Participant: 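Before I ask anything, let me first share the structure, which is written out below as structure tokens.
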Amino acid sequence: MSSERRKSYPFDQLEPKWQAIWEERQLFHAPNPGEKGFDPAKPKFYILDMFPYPSGAGLHVGHPEGYTATDIVARYKRMRGFNVLHPMGWDAFGLPAEQYAVKSGQHPVVTTRQNVAKFKSQLKRIGFSYDWQREINTTDPRYYKWTQWIFLQIYNSWFNPDTKRAEPISTYRGSDPDSVRLAYVADVPVNWCAELGTVLANEEVVDGKSEVGKFPVVRRPMRQWMLRITAYAERLLDDLDELDWPEGIKLLQRNWIGRSEGAEIDFKIENYDAHVRVFTTRPDTLYGGTFLVLAPEHLLVDQIVTEEQWPAVREYRERTARKSELERADLSKEKTGVFTGAYAINPATSKKIPIWIADYVLLGYGTGAIGGVPAHDERDLEFAKKFDLPIIVVVQPTRDEPAIGFTGEGVAVNSPIINGLTSADAKKKITAWLEQHGFGKRAINYKLRDWLFSRQRYWGEPFPIVWENGKHRALGEKELPVVPPPLDDYKPTGTGEPPLAKAKEWIRYSDKALRETNTMPQWAGSCWYYLRFCDPHNDKRFVGEEAERYWMGGDKPGGVDLYVGGTEHAVLHLLYARFWQKVLFDLGYVSKPEPFQRLVNQGIILGEDNQKMSKSRGNIVNPDDVIDQHGADAFRCYEMFMGPLEQIKPWSMRGVEGVARFLARVWRLLMTENQAGEWELSSKIKPADPSKAQQKVLHATIKKVTKDIESFSFNTAISQMMIFVNAFTNVQIIPLSAMRPLLILLSPFAPHIASELWERLNTRFSDAHGDMTEQPWPEYNERLLAEEEVEIVIQINGKLRDRMKMSVLATEEELRTAALSSPKIQDRITGKTVRNVIVVPKKLVNIVV
RNA sequence: GCCGAUGUGGCGAAAUGGUAGACGCAACGGACUUAAAAUCCGUUGGGCCGUAAAAGGCCCGUGCCGGUUCGAGUCCGGCCAUCGGCACCA
């Protein structure tokens, strides 16, 4: 009758059953300190996934990879006696919902609600043990009220360079507090994307095109909100040391922050009462400085340029301004530049050197000016050759290679003060000399730029800021949240003016004051969501103090014990969140200087064709289809069985079938089908003692699964459970005492089938009490693992020649004698001299002839 | 260009410096079945020798070239390829 293939076990019934039970009993709800059911005797474990953007397409199999890993650890930790905080939420502000609104006129609130519902039901089908009572959504006014509140704290503070901390702006003694706030307004050249009608952050521009939509991006100055993340560069760098993150990710952040040590040197301008300050990492090459180059936008240019050079300079500056970031950064193009007509004095040589402008010098890094040392810098060399500027060798390479163009460390030459010194020593000495004579000082520079924090978009957090008489002013806490107005038309204005400017009534805050119409970038909400999860319903504070201290507690700098997500957030999200955490920490609102103690990145899952999954390739795998066919447990186990979590790996439907077969074997180990086609507990299960061999495989499995969960080697944990099940297939008596631990070990991976089988065992046997989720994790007994006899490998010159069974107690001498007397070995060594015999107890004997 | 990761059967992979390929997929053979599916059992890195068939034996093999070591997939040096990040940062 039914053409549908019979299920190998009734996962389609038992999976919804257990999900309903978990939900009804709220088994995975973690009470806060002071709440009903909270057990202060247990240690805490905060395990967090990077929350998703709920897109209209729904979940794909890449999302649940990390989520499955964390779910296994969360379930394991609960059975290990931890209070586990394992929440989920939605990062729902962002461009796709807004673009959909532009097209359809439907308010983003509506699409967001639909998408969240879809994502949530998909996640629930997989059986994740989230505490859904803690669900949060960044677009919920009860959430973004506090995002705005945190912005106010940032706005109302400054970075005190003496204490190296953020402090309330009231402690600032200078005349212009607006110039030091951690949130400030600046006219900055921004990445303007006409198609999207908005400004983009540097990070959102890839190869001169928008990351979203791949539209062209040009530079254009605009009034923008900036966050002074650069003030924290040093701490963001130093504090990485104490975090348990992959070294590669730390390196990525270090490179992004880009600390470099060197000196700032002042070059006096000839016939003019001013000087040009340059930054260099090679002060030891100062004698080779034969010209200066300023960024075209450098402020001094206006003052120093000579009459006859004005037209050329003006023309060059205009040309540069028209260039997009892409054109300007194009390395293949020739160097360009214009002479200003002015000269500076090299403080070391007292010689006159020309001052140029060129677009290879960037205004935003260092001082926006460089000393050109063509002999020892590739770019300067190219520039000097093009414009025929003098090249002077001042560093002699230690090996035999040409000195011109040598950028490594060598020995200083043609440099009277430092001649003969190694580059390292020369740097120290010349820097000291510069300081002594007031020409410069030691300096540290960072590549990190301040964070462009405003967007010309509708679907984001409005700023709690109003403008009056051309000045910005913060709203009071009581006025939060600032809710965006409803609009009929969400289209960008196209002028750079944000869509909120269309809400004529909304922007009129008072007779005199207008609201800020920019909104915050999508990163804002995800900068602090891990804090909100600790206390998601608090309407008095962004997070309650006690809850924050408890869940973010521990003796390490980071509060979240384990954070799992993709490498695509290795720099930006993780850096921004660390920055906010540090500001909140400085201001005394949180107890930890770092948000995430341990970080694990899951690898990308490719399609069956080994290509990145994408709609256009048609190789997207939808978890719902997999679950329909094989069940959620098989889906979870396959995601983990594919290979190491961190690795990129292709999906395989055949692979899913293999894992599904394994679960069916577990099922049939304990269940048999009766005449009526109903599943019932197998009569082979007896409260009998397991055999020695069974005992051994059981304890080996407990040991391996436990160790593998701790080390995130979920694939090999599953392999071991397969070995266990294979060992019990076709035995006549199935010892109950071996099946109980198996189900516990399996339960974090395949919680539904484990729960069901556990419950079925309970209907006949009374050796255990309570549900699967209430069981403690099993311990293994090392003694039961010990072999009495082991196979010893006999090698000759490292090559395998024979094997023998020996007692584990055999001494080295016994092993040696036994190996040498083996007939096969005898055959091979007669007539040869045995030079050495290496004996590795319990492993091998290697005979060297 | 710089930085990082990866490279092992037909495929996904496993191996504290000590038996390379556990476990799974695919393939092939067998049992069960009228038949198929499902299930269960077995074989499966390559080459060669051996045998009626087996048993058995030998050589090669972890991207390439070298080194350290009694012994290297694993450690060291040099290359190559793929993927990812950064990219005129002075």
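Note that this is a predicted model, so its numbers are computed, not measured. Letters A, B, ... are given to chains in the order of the sequence lines, protein chains preceding strands, and every chain is numbered from 1.
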Participant: Closest-nucleotide mapping onto RNA chain B: is Tyr360(A) or Gln647(A) further toward the 5' terminus? I mean the 5' end.
Facilitator: Gln647(A)
Participant: Send over the distance from Glu673(A) CD to A38(B) C1', rounded to a whole Å.
Facilitator: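 Glu673(A) atom CD is separated from A38(B) atom C1' by 11 Å.
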Participant: In whole Å, I'd like the distance from the NZ atom of Lys447(A) to the C1' atom of C86(B).
Facilitator: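 Answer to the nearest Å: 6 Å.
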Participant: Take nucleotides 20-33 of chain B nucleotide by nucleotide from the 5' end and write B, S or -, depending on whether a protein heavy atom sits under 4.0 Å from the base, only from the sugar-phosphate, or from neither.
Facilitator: --BBSSS-------
Participant: Which of the following nucleotides, C3(B), G85(B), A90(B), is nearest to the side chain of Phe279(A)?
Facilitator: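 Comparing C3(B), G85(B), A90(B) against the side chain of Phe279(A), the answer is A90(B).
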Participant: Any protein N or O atoms within reach of nucleotides 60-62 of chain B? Criterion: under 3.5 Å, listing atom names and distances.
Facilitator:
unit_1	atom_1	unit_2	atom_2	d
C60(B)	OP2	Lys799(A)	NZ	3.4

Participant: Taking the side chain as every heavy atom from C-beta outward, state whether Trp245(A) and Leu240(A) have any pair of such atoms under 4.5 Å apart.
Facilitator: yes
Participant: Between C70(B), A90(B), G4(B), spot the one nearest the side chain of Leu251(A), thanks.
Facilitator: G4(B)
Participant: Which of the following nucleotides, G85(B), A13(B), C59(B), is nearest to the side chain of Leu252(A)?
Facilitator: G85(B)
Participant: Between C83(B), A90(B), U19(B), which one does the side chain of Glu791(A) approach most closely?
Facilitator: U19(B)
Participant: Rounded to whole Å, please give me the gap between CD1 in Ile794(A) and P in G18(B).
Facilitator: 19 Å
Participant: Can you figure out which of A13(B), G4(B), C41(B) approaches the side chain of Pro644(A) most closely?
Facilitator: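 Selected nucleotide: A13(B).
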Participant: Students often get this wrong, so: under 4.0 angstrom with heavy atoms, is Lys824(A) touching a base, only sugar-phosphate, or nothing?
Facilitator: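 Sugar-phosphate: the residue Lys824(A), judged by heavy atoms under 4.0 Å, touches backbone atoms but no base.
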Participant: To the side chain of Arg668(A), which of C40(B), G18(B), C59(B) is closest?
Facilitator: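 Out of C40(B), G18(B), C59(B), the nucleotide with an atom closest to Arg668(A)'s side chain is C40(B).
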Participant: Parallel, tilted or perpendicular for Tyr360(A) and Phe383(A), by the 30°/60° rule?
Facilitator: tilted
Participant: Taking only Lys NZ, Arg NE, NH1 and NH2, and the carboxylate oxygens of Asp or Glu, determine whether Arg442(A) and Glu261(A) approach each other closer than 4.0 Å.
Facilitator: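 Result for this pair is yes, salt bridge flagged.
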Participant: Let me know the distance between NE2 of His376(A) and C1' of A90(B), rounded to the nearest Å.
Facilitator: 15 Å
Participant: Would you indicate which nucleotide in C83(B), A14(B), G12(B) comes nearest to any side-chain atom of Ile648(A)?
Facilitator: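 Among C83(B), A14(B), G12(B), the one nearest the side chain of Ile648(A) is C83(B).
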Participant: Is Thr567(A) touching bases, backbone alone, or none of the nucleic acid, heavy atoms closer than 4.0 Å?
Facilitator: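 Nothing, no nucleic acid heavy atom in range.
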Participant: Need one value for Asn846(A): base, sugar-phosphate or nothing, where a base atom within 4.0 Å counts as base even if backbone is also close, heavy atoms only.
Facilitator: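 If one applies the 4.0 Å heavy-atom cut-off, Asn846(A) turns out to touch a base.
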Participant: How many whole angstroms separate atom CG of Asn255(A) from atom P of A5(B)?
Facilitator: 12 Å
